[in-house]
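Below: one structure, written as structure tokens.
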Amino acid sequence: MNPRALNPSIKLVFLAYIFTLVSLLNMLQHLLYLLLLTLVLALASHVKPSGLLRVFVGVAPMAFGLGWFNAALSGDITYLPMVALKIYTLTTATAYFASTTDPTTFFHSLVQNLRLPYSFSLPLSLAYLILKDLLTWYVEAVHSLRGRWILGSGWETPFKLRLVGVMLLNYVSSRLEMLAEALEVRCFTTARKPWRRVAVTGWDYIFITVLVSATVPVIILTA
């Protein structure tokens, strides 16, 4: 079973499960295990290692900055790797979800499988669509800066975050305006019927059961 083909609702539940574990666990071996688990899942889903590495480089200042900040406040140096592992685990899990989930299928799954109201499902799916577009635009922005010799290599990106951030904020603003106008033109309301059906299959239940079984016993045994 290809993890890419799993129901978006199941993947969302798994993402929430990982976020909960990361927020509750404070042992380095547990966090390292979760990071390895999400890495294996992402790579098995054909997430490009080069793309994952670029994302890791982009979040490095936040991961190690917050790590040093928490270590300085607590006086415990172990907070540095702990916070870094938490951020990288969340980054990997989010990259897996974003790389394997179609925004339209995600919306239909929220409404049909999780039975969430339109007032919640639509903004969430649009936010997810913006995130995917933002990641694509981020790559294009970096390439354009390289073409103008403003960036020498991808490793300089974390040191040019303010410049890249302004470009991304401008893109998000214009993209939101376009989406709002498109919804108004199409008279989008809750009365619209879904044009496709998204089902939860037996493979989805097997997948989430295997993942939970691969985390809870290990965490209990190594506590």
Side-chain angles (χ1 to χ4, degrees), residues 1-60 62-63 66-67 78 81-116 120-121 124-125 127-129 131-132 134-135 196-223:
M1 176 63 182
N2 188 347
R4 297 181 66 92
L6 293 168
N7 187 288
S9 293
I10 296 296
K11 286 188 279 189
L12 183 63
V13 170
F14 169 70
L15 194 63
Y17 174 67
I18 292 295
F19 272 59
T20 302
L21 287 180
V22 167
S23 64
L24 295 177
L25 298 176
N26 290 313
M27 296 182 67
L28 291 177
Q29 63 266 34
H30 292 163
L31 295 172
L32 181 59
Y33 177 76
L34 287 179
L35 176 59
L36 292 175
L37 178 66
T38 52
L39 273 173
V40 169
L41 180 63
L43 295 176
S45 305
H46 308 295
V47 177
K48 292 182 179 180
S50 58
L52 203 56
L53 181 60
R54 283 195 295 268
V55 175
F56 278 7
V57 172
V59 301
M62 178 177 66
L66 285 177
T78 58
M82 184 176 68
V83 172
L85 285 173
K86 287 189 176 190
I87 291 177
Y88 277 121
T89 300
L90 297 180
T91 300
T92 308
T94 304
Y96 156 70
F97 184 89
S99 300
T100 61
T101 307
D102 174 71
T104 303
T105 306
F106 180 50
F107 169 70
H108 287 298
S109 179
L110 291 176
V111 174
Q112 298 174 27
N113 304 137
L114 294 183
R115 306 297 182 183
L116 296 178
F120 179 82
S121 300
L124 183 60
S125 59
Y128 173 61
L129 175 61
L131 175 62
K132 283 186 69 72
L134 191 61
L135 294 174
R196 61 186 299 185
R197 291 290 176 185
V198 181
V200 178
T201 66
W203 282 111
D204 296 310
Y205 291 113
I206 292 173
F207 170 79
I208 199 69
T209 302
V210 169
L211 281 177
V212 172
S213 300
T215 52
V216 173
V218 171
I219 291 171
I220 293 175
L221 292 174
T222 59

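The first residue in the sequence is number 1, and the count goes up from there.
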- [ ] Looking only at non-hydrogen atoms, find the nearest pair between Val47 and Ala95 and report the distance.
- [x] CG2-O, 4.5 Å
TODO: Would you indicate whether the side-chain heavy atoms of Leu211 and Leu37 approach each other to under 4.5 Å?
DONE: yes
- [ ] Working to the nearest 0.5 Å, report the span between OG1 of Thr38 and OH of Tyr33.
- [x] 10.5 Å
TODO: Calculate, to the nearest 0.5 Å, the distance between atoms NE2 and CG belonging to His108 and Asp102 respectively.
DONE: 9.0 Å
TODO: Can you see which heavy atom on Val83 is nearest to which on Ala63, and at what distance?
DONE: CG1-O, 4.0 Å
Open item on the list: Using a 3.5 Å distance criterion without hydrogens, assess whether the side chain of Lys86 forms a donor-acceptor pair with backbone atoms of Leu25.
Closed with: yes
Task: Heavy-atom side-chain proximity of Leu35 to Leu31 below 4.5 angstrom - done: no
Open item on the list: Tell me if a side-chain donor or acceptor on Thr101 pairs with a main-chain N or O of Ala98 at a distance below 3.5 Å.
Closed with: no
Task: Minimum heavy-atom distance between Ile18 and Ala93, given as atom pair plus value - done: CG2-CB, 4.2 Å
Open item on the list: Contact between Lys11 and Tyr96 at the side-chain level, heavy atoms closer than 4.5 Å - yes or no?
Closed with: yes
Open item on the list: With rounding to the nearest 0.5 angstrom, report the CG to CG distance, Leu36 to Leu41.
Closed with: 12.5 Å
Task: Ser213: which of Thr209, Val210, Val216, Thr215 passes side-chain contact (heavy atoms from CB on, under 4.5 Å) - done: Thr209
Task: Straight-line distance of Thr100 OG1 to Leu6 CG, nearest 0.5 Å - done: 8.0 Å
Open item on the list: Any heavy-atom pair between the side chains of Leu114 and Leu12 that's under 4.5 Å?
Closed with: yes
- [ ] Taking all heavy atoms of Leu28 and all of Leu85, pick out the closest pair and write down the distance.
- [x] O-CD1, 3.9 Å
- [ ] For Leu39 and Leu52, run side chain to side chain contact (heavy atoms under 4.5 Å, CB included): C-alpha distance rounded to whole Å, both residues' side-chain angles, the deciding distance at 0.1 Å, then the answer.
- [x] CA-CA 9 Å; Leu39 273 173; Leu52 203 56; 3.6 Å; yes
Open item on the list: Within the 4.5 Å heavy-atom criterion, are Leu124 and Phe106 side-chain neighbours or not?
Closed with: yes
Open item on the list: Hydrogens and angles aside, do Ser9 and Ser109 bring a side-chain donor and acceptor to less than 3.5 Å of each other?
Closed with: yes
Task: Value rounded to 0.5 Å, distance of CZ in Phe14 from CG in Asn7 - done: 14.5 Å
Open item on the list: If you take the centroid of each ring, where Trp contributes its six-membered ring, are Tyr128 and Phe107 closer together than 6.0 Å?
Closed with: no
Open item on the list: Measuring from atom CG of Leu90 to atom CZ of Phe19, what distance do you get when rounded to the nearest 0.5 angstrom?
Closed with: 4.5 Å
